Amino acid sequence: MNIFINQIKNFSLVGIAQNFIGYLIYIVLTYIGIAPVLAISILYPLGATFSFIGNKKYTFINTNSKSNALGRFVIAHLLGLMLNIILLK
């Protein structure tokens, strides 16, 4: 149970850090005139990469190089990116 609580805490911390940094960069990019859809298109893969690495190394401590976690993660984030673009239009 303690491992599960630590995973929730670490997952939350990685997510909060990723969203906070991403939102700050988004504000700067849109402030300097970059269109919101382009800004999200630039930031989404960077945020997803940060989130994947952070959660793999810090939250779930996955050392299995043959894991299909990356494939599932990419599919989930591509769906999230499409949803963000749809909502911004």
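Since this is a predicted model, take the numbers as computed values, not measurements.
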Hydrophobic cluster membership, V74 vs V14, 4.5 Å side-chain cutoff: no

Are side-chain heavy atoms of Y58 and F11 found at a separation under 4.5 Å?
no

Apart from M82 itself, its cluster of hydrophobic side chains linked below 4.5 Å comprises I75, L79

By side chain to side chain contact (heavy atoms under 4.5 Å, CB included), V28 pairs with (sequence neighbours left out) none

**Prompt:** Is any side-chain heavy atom of H77 closer than 4.5 Å to a side-chain heavy atom of F73?
**Reply:** yes

In short, side chain to side chain donor-acceptor pair (under 3.5 Å) pairs touching residues 17-30 with sequence neighbours left out are none

Distance col, row I5:CD1 vs I3:CD1, nearest 0.5 angstrom, shows 11.5 Å

Between the NZ atom in K57 and the CZ atom in F52, the distance rounded to the nearest 0.5 Å is 9.0 Å

If hydrophobic clusters are built by linking Ile, Leu, Val, Met, Phe, Trp and Tyr wherever their side-chain heavy atoms come under 4.5 Å apart, do L13 and I53 end up in the same one?
no

What pairs of donor and acceptor atoms, side-chain ones from residues 36-50 against any protein atom, are under 3.5 angstrom apart with sequence neighbours left out?
unit_1	atom_1	unit_2	atom_2	d
S41	OG	V37	O	2.8
T49	OG1	P45	O	2.8

With sequence neighbours left out, the residues meeting side chain to side chain contact (heavy atoms under 4.5 Å, CB included) with L83 are L87

